[in-house]
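Everything below concerns the one structure shown next.
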Amino acid sequence: MPATNNSLEPRVPGWLSESGRTGTPAVCSWVRLSRNLKGALFPGCAEKVQLEAVRKTISSVLRKTAILGRGRFFYVLDELSPSDRGILRERHMISPELFRDPEEAEIVINAAGDTAVTVNGRDHLAMQSFASGVHLKKLWRRVNLLDNHLGRHLEYAFDPELGYLTASPADAGTGLRAGVMLHLPALTLSGKLTQTVNALGHMRVTVQEVFGDGGRNHGDLFLLSNHDTIGKSEPEILGGLGTVTDQVIAHEMHARNEVFNKDRLALVDRISRAYGILRHSYILHGAECMDALSMVRLGIDLGMFSAVDAAVIRELALFCQPAHLAKLTGSEEMLSPTQRAACRARTARERLSGLGGES
Amino acid sequence: MLCDWCKKNEAAIHIQQITGSEKKLLHICHECAAGKFKFGAGAGFNPLELAELFYDILSRKPGGAGRAAEPDSDAAAEIGRQLFPPCPCCGWTIDKLRETGRVGCADCYKSFRVVIDGALADINSRGHHTGKIPGTMISDSDGVLRDSRWELAEAVVRLNEAVAGEDFERAAVLRDRIGILRKRIAVLEKSDSEKEAAIGNAGDE
């Protein structure tokens with residue numbers, strides 16, 4: 001499998017580089033549908049030969065139909081190098097499990113890089129689509145269409161009461177997982193995040209931090225996803241998540257106003273220091289980088305940086321991940337932490353140089 | 001030894017319950033144990049709150065980052081094994097379900113139904129599928145509606161051909177099919193507009 005293929009190049013996928021509206025905490029959203037084939041053991045239980053049979057069945061359907069359109073890419077995951085798999089992992093195309101254990105797994109990605117079908121992940125089949133900003137309705141249309149196409153050729157494991165049967169019973173029913181990534185620096189700074197999350201407890205939405213080292217969150221990025229997969233229709237699930245997302249965004253915007261009005265100088269100082277770290281470091285560790293990116297992004301949203309595009313920050317957030325850094329240096333193997341820190345600092349300096357900066 | 005409850009079947013599960021200083025030994029069959037587990041209170045005996053024991057198997061985060069639920073004791077785990085023998089289709093065990101939060105095949109949903117139903121009721125507000133159905137694809141808003149219209153148009157043409165060719169057997173089949181398609185299209189069109197409204201607040205522009 002050529003490693004230099006377009007989908008695995010260290011560049012920002014088109015959907016993420018779309019210049020989304022600035023000033024909003026909405027980073028990106030995704031929708032995923034999980035399915036299994038009737039009569040086949042689920043990937044976690046199946047032997048290699050059974051997994052291979054499933055992969056061939058699904059793969060032949062994918063290849064003989066025009067699913068995902070012209071210019072799509074097929075990758076057999078265990079033929080990819082760790083850094084190539086890492087690229088897919090860091091773009092949330094594959095799970096950490098699939099990154100570690102890619103046996104008989106395959107992924108097909110459309111040319112735009114925003115929609116993918118994974119074979120033999122946790123379930124036999126996962127169809128997922130991504131968008132910059134919050135576009136749950138559009139994403140549902142995409143994966144639903146994919147599911148309808150594939151459903152004409154494949155017989156799914158289904159129970160009238162329990163719905164689509166998935167490897168994890170927590171996904172059973174619709175097999176639908178939708179997620180929204182939000183940037184919530186003001187709620188984090190003001191310490192109101194826990195309060196907001198607790199208030200959402202009854203809304204059946206799960207909140208997870210995207211980057212954290214156990215004790216502390218880095219980057220102020222949070223993932224909201226649907227708690228329920230059964231007992232509601234797909235539009236109801238997505239509608240519920242959309243409502244909660246709107247509420248959290250409103251809370252964040254309110255908190256931003258408060259933080260800004262309370263101690264403007266302290267906030268501006270903090271954001272400018274963060275910019276300084278990104279702009280002038282020679283050793284930059286992941287956690288520090290994510291924290292600084294979060295502050296600069298907040299600064300952009302508040303109109304502090306006229307010359308720095310939010311897209312550059314989104315790009316850096318992706319490029320400063322381990323596999324992307326490895327690819328940037330042309331290495332097929334992952335870099336050591338020291339090499340990564342130096343490479344990360346260089347990347348940040350280069351991307352931010354010549355952009356002017358604070359206005 | 002016969003089951004203490006139904007007095008009919010051979011007892012397969014032997015449970016020792018200690019309440020204060022009182023020790024009680026109960027011998028029950030698989031059927032009664034499963035029934036008891038499912039329907040809750042009664043007979044003044046709760047087989048070590050098995051529901052609770054297995055409850056958190058599925059409440060872990062997607063991606064398996066959570067901590068595996070530990071059985072309260074080896075005895076409790078043993079009862080779990082006795083109550084739920086390995087899945088006859090794939091051999092998946094209740095222990096594996098607890099460790100991984102996953103099942104091995106579609107039949108596991110039958111083999112471990114009681115446990116999964118309990119967990120799903122906990123995870124989800126209502127444990128009944130009301131979403132999309134394969135084949136009928138009632139929740140589709142684009143593809144099926146379009147395809148159904150195409151199929152309807154094609155079926156009408158073929159029906160006319162069949163009638164012209166006096167192939168009435170085929171015409172009857174096609175007529176039935178057209179009836180089904182028309183109904184489906186009507187349902188899809190109606191549900192489409194409702195669902196569009198329902199999904200409208202999903203943050204889309």
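Only a predicted model underlies this, so the values are computations on that prediction, with no experimental measurement involved. In the text below, chain A, chain B and the rest are named by the order of the sequence lines, each starting its count at 1.
- Contact count against chain B (heavy-atom pairs under 4.5 Å) is highest for A:Ala167 among A:Gly39, A:Ala167, A:Gly173.
- Interatomic distance, OG1 of B:Thr93 versus CD of B:Glu99, reported as 7.0 Å (0.5 Å rounding).
- Using a 4.5 Å cut-off on side-chain heavy atoms (C-beta onward), A:His183 and A:Leu221 make contact.
- Panel note: side chain A:Asn226, backbone A:Ala178; a donor-acceptor pair is recorded below 3.5 Å.
- With respect to A:Arg35, the salt bridge (charged side-chain N to carboxylate O under 4.0 Å, His left out) criterion is satisfied by exactly one of A:Asp147, A:Asp123, A:Asp171: A:Asp147.
- If you measure heavy-atom distances from A:Pro43 to chain B, you find no contacts under 4.5 Å at all.
- Heavy atoms of A:Thr245 lying under 4.5 Å from chain B are absent altogether.
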